[in-house]
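On a predicted model such as this, the values are computed, not experimentally measured, just so you know. Along the sequence shown, residues are numbered consecutively beginning with 1.
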Amino acid sequence: MNKDNKFLKKILDYARIDLQQQKARENLNEHEFFEGMSYWSIVGVYYNCYIKEDCLYDEKGNLLSNDGRCMDKELPYFCNQKTGYIEDDYYGTVYINVENNTFVAIYYNC
């Protein structure tokens, strides 16, 4: 396989993966948690986290969220939210507890 064909194969492989991700994103967007978010992106996964005095820390003791825990009946998470230049412009990172002490970090803006 020559260099150009390898490049074209990589484009095709990436296109297939990207389409799968788009479909998965559409499925996630249907959940009420993402309602009102104009943009969101998964920015990390943190393992072996712990909670101390309503703050979330990663396994090395780095502070992830000091805004406290938002306790939803189905979806416990931590949120660091900031206000933009316009008072109804919000952005930040949520840390969703997906299993045991594992949190997925999602950046968002509204």
Side-chain angles (χ1 to χ4, degrees):
M1 187 178 276
N2 70 30
K3 189 176 179 180
D4 287 338
N5 286 344
K6 287 181 183 178
F7 175 71
L8 295 174
K9 170 95 171 78
K10 287 180 182 181
I11 289 175
L12 178 59
D13 290 345
Y14 178 79
R16 288 179 177 148
I17 292 168
D18 192 49
L19 290 171
Q20 289 174 343
Q21 288 176 337
Q22 288 176 29
K23 182 65 176 166
R25 186 183 218 26
E26 289 171 12
N27 291 337
L28 284 173
N29 278 334
E30 293 174 4
H31 193 278
E32 65 187 38
F33 181 81
F34 293 102
E35 193 174 301
M37 291 183 188
S38 56
Y39 173 81
W40 63 268
S41 179
I42 294 175
V43 293
V45 178
Y46 295 89
Y47 301 94
N48 303 314
C49 296
Y50 63 93
I51 299 165
K52 183 178 177 185
E53 297 176 6
D54 244 4
C55 295
L56 179 65
Y57 295 88
D58 68 11
E59 65 185 334
K60 295 179 181 177
N62 297 310
L63 179 65
L64 297 176
S65 177
N66 61 357
D67 284 355
R69 187 179 352 200
C70 301
M71 296 308 293
D72 185 285
K73 291 179 183 174
E74 297 178 23
L75 193 63
Y77 63 94
F78 284 81
C79 182
N80 287 343
Q81 181 168 290
K82 298 180 177 29
T83 305
Y85 292 110
I86 304 171
E87 289 184 15
D88 65 347
D89 178 29
Y90 299 98
Y91 65 96
T93 305
V94 293
Y95 299 88
I96 301 175
N97 190 0
V98 292
E99 63 181 26
N100 298 326
N101 297 324
T102 301
F103 286 78
V104 172
I106 301 174
Y107 173 82
Y108 70 94
N109 63 41
C110 310

Exercise. Is there side-chain contact between Tyr90 and Thr83, with at least one heavy-atom pair below 4.5 Å?
Worked result: yes

Seminar exercise, completed: Residues Asn2 and Asn5: closest non-hydrogen pair is OD1-N, 2.8 Å

Exercise. Strictly by modelled atom types, are Asn80 and Thr93 linked by a side-chain donor-acceptor pair under 3.5 Å?
Worked result: no

Problem set entry | CZ (Phe34) with more than 12 external heavy atoms under 6.0 Å | yes

Exercise. According to a 4.5 Å side-chain heavy-atom criterion applied to Ile, Leu, Val, Met, Phe, Trp and Tyr, with indirect links allowed, do Phe78 and Leu63 form part of one hydrophobic cluster?
Worked result: no

Problem set entry | Gap separating the CG atom of Leu64 from the CD atom of Glu59, nearest 0.5 angstrom | 10.5 Å

Exercise. Can you name the nearest heavy-atom pair linking Leu56 to Tyr95, along with the distance?
Worked result: CD2-CB, 3.6 Å

Exercise. Got a second to check how far Leu28's CG is from His31's NE2, nearest 0.5 Å?
Worked result: 9.0 Å

For this session: Answer with yes or no whether the hydrophobic clustering places Ile106 together with Val45; edges join I, L, V, M, F, W, Y residues whose side-chain heavy atoms lie under 4.5 Å apart.
Result: yes

Exercise. Is there a path of hydrophobic side-chain contacts, each under 4.5 Å between heavy atoms of I, L, V, M, F, W or Y residues, that connects Ile17 with Leu19?
Worked result: no

Exercise. Can you name the closest pair of heavy atoms from Cys49 and Asp58 and give their distance?
Worked result: SG-CA, 4.1 Å

Problem set entry | From CG (Asn97) to OH (Tyr46), nearest 0.5 Å | 14.5 Å

For this session: Using a cut-off of 6.0 Å, state whether more than 12 heavy atoms not belonging to Gln22 lie near its atom CD.
Result: yes

Exercise. OH of Tyr57 to OH of Tyr50: how many Å apart, nearest 0.5 Å?
Worked result: 6.5 Å

Exercise. Closest approach of Tyr107 and Val43, non-hydrogen atoms and distance?
Worked result: CB-CG1, 3.8 Å

For this session: Not counting sequence neighbours, which residues clear ring pair (Phe, Tyr, Trp, His ring centres under 6.0 Å) with Tyr108? List them please.
Result: none

Problem set entry | More than 12 heavy atoms of other groups within 6.0 Å of Asn100 CG | no

For this session: List the atom of Cys79, the atom of Ser65, and the distance in Å for their closest heavy-atom pair.
Result: O-OG, 3.7 Å

Problem set entry | Spatial distance of atom OH (Tyr39) from atom CG (Asn109) [nearest 0.5 Å] | 8.0 Å

Exercise. Atom CG in Asp4, atom CG in Leu8: separation rounded to 0.5 Å?
Worked result: 6.5 Å

Problem set entry | Cluster link Trp40 to Ile96, ILVMFWY, side chain under 4.5 Å | yes

For this session: Using the six-membered ring wherever Trp is involved, compare the ring planes of Tyr77 and Phe33 and label them parallel, tilted or perpendicular (cut-offs 30° and 60°).
Result: perpendicular

